[in-house]
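Reading through the structure tokens given below for one structure.
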Amino acid sequence: MKTWRATAWRLLALLALSFLALQGFWLLRIGTMTVIDPQSTSFERSEAWRLITEKHRLNWSQAWRSYPAISDQLKRAVIASEDAGFTDHSGIEWDAIEKAWTRNQKAEARAATAASRRGPPKIFGGSTITQQLAKNLFLSGERSVLRKAQEALITLMLEAVLDKQRILEIYLNHVEWGEGVFGAQAAAQHHFRTEAARLQSAQAARLAVMLPAPKRFEKQPTSAYLVGRSTTVMARMSAVDLP
């Protein structure tokens with residue numbers, strides 16, 4: 001019995017040390033981002049592998065642009081659409097997560113009824129820009145409690161080490177805007193044949209609205225939702241304070 005307990009404690013200690021080592025690794029990686037632009041993210045590498053294995057090609061567009069070289073209109077649009085409290089919160093908005101969880105529970109309950117034959121329920125997100133960056137940089141897209149917990153820890157690290165301007169700069173250079181289209185510069189050229197620095201309000205709003213489902217909206221550029229939501233985002237942009 002004592003031997004079993006000793007073994008169990010050693011395993012627990014090993015797990016704890018492994019967990020702390022992993023957090024230290026993430027923190028070190030984030031620390032380098034204060035001076036070094038990250039070249040790729042976990043999501044980008046996964047997407048590149050998917051394109052190669054499924055489509056046997058890699059059409060890829062991405063080019064880093066510094067914070068001043070990205071249109072302020074795009075920054076305002078993305079904040080207005082994705083995370084209105086970006087400049088004020090500490091990385092996680094618990095109220096938004098709670099509301100999203102409640103909406104998802106209701107959607108799943110409706111989908112589970114016999115009368116519902118419309119496929120899987122729509123999933124609502126409550127993630128901030130920093131949380132989205134944490135997930136894209138280091139984690140997989142799976143939905144699990146452990147993955148969300150790790151995302152929260154990385155989010156807090158990002159907020160502790162990087163300022164808001166740097167977080168937004170990295171996010172805008174690595175977020176997906178279509179199949180094989182990553183970052184503001186690639187999005188501006190792909191969708192509007194212009195530079196990231198020259199994006200106008202309407203163009204910026206449309207790109208911001210695409211973010212939750214860029215591949216789908218890329219195929220439906222004139223959808224009623226995209227047009228209507230873009231108008232709403234444009235109306236909110238003037239009230240956005242930039243970091």
Side-chain angles (χ1 to χ4, degrees), residues 26-48 60-93 125 127-139 151-178 180-192 194-201 203-212 214 233 236-243:
W26 296 143
L27 186 59
L28 181 62
R29 289 280 303 277
I30 292 168
T32 65
M33 294 179 194
T34 59
V35 292
I36 300 174
D37 301 330
Q39 296 302 302
S40 66
T41 68
S42 176
F43 177 75
E44 288 169 347
R45 292 188 292 273
S46 175
E47 186 65 8
W60 199 268
S61 179
Q62 186 174 27
W64 181 275
R65 289 295 183 270
S66 65
Y67 191 83
I70 299 174
S71 166
D72 284 348
Q73 298 303 323
L74 181 61
K75 298 166 192 169
R76 290 192 176 93
V78 168
I79 292 173
S81 180
E82 293 288 289
D83 185 4
F86 175 67
T87 57
D88 300 317
H89 63 62
S90 59
I92 301 173
E93 287 198 307
S127 297
T128 64
I129 284 174
T130 315
Q131 284 176 280
Q132 293 177 46
L133 180 60
K135 181 185 71 173
N136 290 342
L137 278 172
F138 301 125
L139 304 175
E151 176 188 300
L153 286 173
I154 294 174
T155 296
L156 296 176
M157 293 180 203
L158 286 167
E159 290 279 345
V161 176
L162 308 178
D163 60 30
K164 293 285 187 177
Q165 189 175 110
R166 182 59 167 166
I167 289 171
L168 186 59
E169 179 184 37
I170 296 173
Y171 176 84
L172 290 175
N173 273 288
H174 285 287
V175 72
E176 182 186 37
W177 259 301
V181 180
F182 286 86
Q185 176 64 15
Q189 292 185 334
H190 179 74
H191 294 287
F192 299 111
T194 189
E195 299 292 307
R198 297 177 181 174
L199 286 166
Q200 301 302 308
S201 297
Q203 297 169 329
R206 185 168 288 252
L207 287 178
V209 174
M210 290 179 67
L211 286 180
V233 169
R236 296 175 179 174
M237 287 166 56
S238 60
V240 171
D241 292 325
L242 293 179

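This one's a predicted model, so the numbers in the text were calculated from it and none came from an experiment.
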### Query
Given F86, which of I167, V78, L242 fulfils the side chain to side chain contact (heavy atoms under 4.5 Å, CB included) condition?
I167
### Query
Could you give the distance from CG (L199) to CG (D72), rounded to the nearest 0.5 Å?
11.0 Å
### Within-4.5 Å side-chain heavy-atom neighbours: E82 and P212
yes
## Note on the structure
The reported gap from CG in L139 to OG in S46 (rounded to nearest 0.5 angstrom) is 12.0 Å
### Task
Rounded to the nearest 0.5 Å, what's the gap from CG on L158 to OG on S90? Could you check?
12.5 Å
### Task
Starting at CD of E93, measure out to CG of D88 and round the result to the nearest 0.5 Å.
8.5 Å
### Task
Measure the shortest side-chain to side-chain distance between R65 and E195 over non-hydrogen atoms and say whether it is less than 4.5 angstrom.
yes
### Residues which pass ring-ring contact (aromatic ring centres under 6.0 Å, His included) with F138, listed by chain and number, not counting sequence neighbours
W26
### Task
Only one of Q185, H174, Q39 passes side chain to side chain contact (heavy atoms under 4.5 Å, CB included) with Q62; say which it is.
H174
### Query
Of the non-hydrogen atoms in L74 and I70, which two are nearest, and what is the gap between them?
CD2-CG2, 4.0 Å
### Query
Within a strict 4.5 Å, meaning less than it, do heavy atoms of the L27 and M157 side chains meet?
yes
Give the table of side-chain donor-acceptor pairs shorter than 3.5 Å for residues 28-38, with sequence neighbours excluded, one pair per line with atom names and distance.
| from | atom 1 | to | atom 2 | distance (Å) |
| --- | --- | --- | --- | --- |
| T32 | OG1 | R29 | O | 2.6 |
| T34 | OG1 | G31 | O | 2.7 |
| D37 | OD1 | R166 | NH1 | 2.9 |
| D37 | OD1 | R166 | NH2 | 2.9 |
| D37 | OD2 | W64 | NE1 | 3.3 |

### Task
Could you grab the distance from atom OH of Y67 to atom CD of Q165, nearest 0.5 Å is fine?
5.0 Å
### Query
Is a donor on one side and an acceptor on the other found under 3.5 Å between the side chain of H191 and the backbone of G178?
no
### Query
Hey, does the side chain of W177 reach the backbone of L207 with a donor-acceptor pair shorter than 3.5 angstrom?
yes
### Query
Do you know the tightest heavy-atom contact between A196 and A188?
N-CB, 3.7 Å
### Shortest non-hydrogen separation from S40 to R45 and the atoms involved
OG-NH1, 2.8 Å
### Query
Judged by atom type as modelled, is there a donor-acceptor pair below 3.5 Å linking the side chain of Q200 to the main-chain atoms of R198?
yes
### Query
Q131 side chain to T128 main-chain N or O, any donor-acceptor pair under 3.5 Å?
yes
### Query
Under the 3.5 angstrom rule, does the side chain of K75 hit a backbone N or O of P243 as a donor-acceptor pair?
no
### Step-by-step side-chain contact (heavy atoms from CB on, under 4.5 Å) determination, M237 to S201
CA-CA 8 Å; M237 287 166 56; S201 297; 4.2 Å; yes
### Query
Would a distance-only check, ignoring hydrogens and angles, find a side-chain to backbone donor-acceptor pair under 3.5 Å from K135 to E151?
no
### Message
Once rounded to the nearest 0.5 Å, what's the spacing between atom CD1 of I79 and atom CD1 of I129?
### Response
5.5 Å
### Summary
For A208 and S81, the nearest pair of non-hydrogen atoms, with its separation, is O-OG, 3.6 Å
### Query
Any sub-3.5 Å donor-acceptor pair from D83's side-chain atoms to S127's backbone N or O?
no
